[in-house]
Amino acid sequence: MNRKGFIFDLDGVIVDTAKYHFLAWRKLANGIGIDFTEVQNEQLKGVSRVRSLEKILGWGNKTISGKQFAELMTKKNDDYLRYIDQMGQDEILPDVSRVLDLLITKNQPISLGSASKNARIILEKVALRDKFDAIVDGNDVSNAKPDPEVFLRAAESLHMKPNECIVFEDSVAGVEAANRANMISIGIGDAVVLSHADYNFKDFKEMSAQFIEQLINKK
Ligand code: BG6
Ligand code: MG
């Protein structure tokens, strides 16, 4: 039986947490006198927590001490976790469960490959933890996307070679990371934004069982 390594990004692919990141970052930015819009939030997709705060401070032309930086990071995450705490299975994006279950039925190894340090908590909250053979997240890597480290680690955890892996991603940085890892990249979301992906889908509702079968059997 053919096997491929299937690697899923979390935020924006499995659950729509961008709205909670937005609320927490906006509160933080406004609190230090910086405007923060949804357009800016788009630019933080797939970007690590540290880098996100650096970008916000840059947009506001603000310099702060290392101590303050650390305090703001903690504050942002505390706020974010308050939203996460309310999450349930109804927040799983459409047809994600169908695709995961199909892959499991077909005996395909599945890993998470996320920049988030909250990935495990979120998977528990939406009761998807058991569907994954491996989890690689922001706690396990030192180089953020677009560096391919997170996906290379995920491939290793699944005992698959990079060119045997397929990555589902909603961010430009994530698609680039998958391409740099020599994996098949599947953009989930806006095909124009994710034009560097090997394949594009608006969401998992558009992804047929036949397409997944083709991926599994691809030489
Ligand atoms: C990514 C999100 O998945 O994780 C980013 O797209 C986020 O918006 C990053 O900043 C880090 O997440 P966390 O949960 O560790 O702050
Ligand atoms: Mg994402």
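Note that ligands are numbered from 1 as they come in the structure, with each ligand's atoms numbered from 1 the same way.
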Counting both backbone and side chain atoms, is some N or O of [X] under 3.5 Å from an N or O of ligand 1?
X: Arg49; answer: yes
X: Asn118; answer: yes
X: Ala115; answer: no

task = Determine whether the aromatic ring centres of Tyr20 and Tyr80 lie less than 6.0 Å apart.
result = no
Contact between Gly46 and ligand 1, counting heavy atoms under 4.0 Å?
-> yes
| query | Under a heavy-atom criterion of less than 4.0 Å, does Gly138 contact ligand 1? | reply | no
Distance from [atom] to nearest protein heavy atom, with residue and atom:
atom: atom 3 (O) of ligand 1; answer: Asp11 OD2, 2.6 Å
atom: atom 8 (O) of ligand 1; answer: Leu44 O, 3.3 Å
atom: atom 15 (O) of ligand 1; answer: Lys117 N, 2.7 Å
atom: atom 5 (C) of ligand 1; answer: Val47 O, 3.3 Å

Of Gly113, Ser116, Gly12, the one whose closest heavy atom lies nearest atom 11 (C) of ligand 1 is Ser116
Rounded to 10°, the OD2/Asp9 to the Mg ion (ligand 2) to O/Asp11 angle comes out at 90°
Is it true that a side-chain atom of [X] and a backbone atom of [Y] form a donor plus acceptor pair closer than 3.5 Å?
X: Lys4; Y: Leu215; value: yes
X: Asp140; Y: Asp137; value: yes
X: Glu149; Y: Asn143; value: yes

Exactly one of Leu194, Ile184, Ile188 clears side chain to side chain contact (heavy atoms under 4.5 Å, CB included) with Tyr199, and that residue is Ile184
For His196, the side chain to side chain contact (heavy atoms under 4.5 Å, CB included) test, sequence neighbours excluded, returns Val175, Asn179
Per-atom filter on ligand 1: closer than 4.0 angstrom to a heavy atom of Lys45 are 6 (O)
Counting from 1 in the order shown, the ligand 1 atoms closer than 4.0 Å to a non-hydrogen atom of Ser52 are 10 (O)
Between Arg120 and Glu124 (salt bridge meaning N to carboxylate O under 4.0 Å), is one present in this structure?
no
Note to self: Between the side chains of Lys125 and Glu91, is the shortest nitrogen-to-carboxylate-oxygen separation below 4.0 Å, so that they form an ion pair?
What the structure shows: no
Within less than 2.8 Å of the Mg ion (ligand 2), any N, O or S from Asp170? yes
Check: Asn182/Asn163 side-chain N/O donor and acceptor closer than 3.5 Å:
no
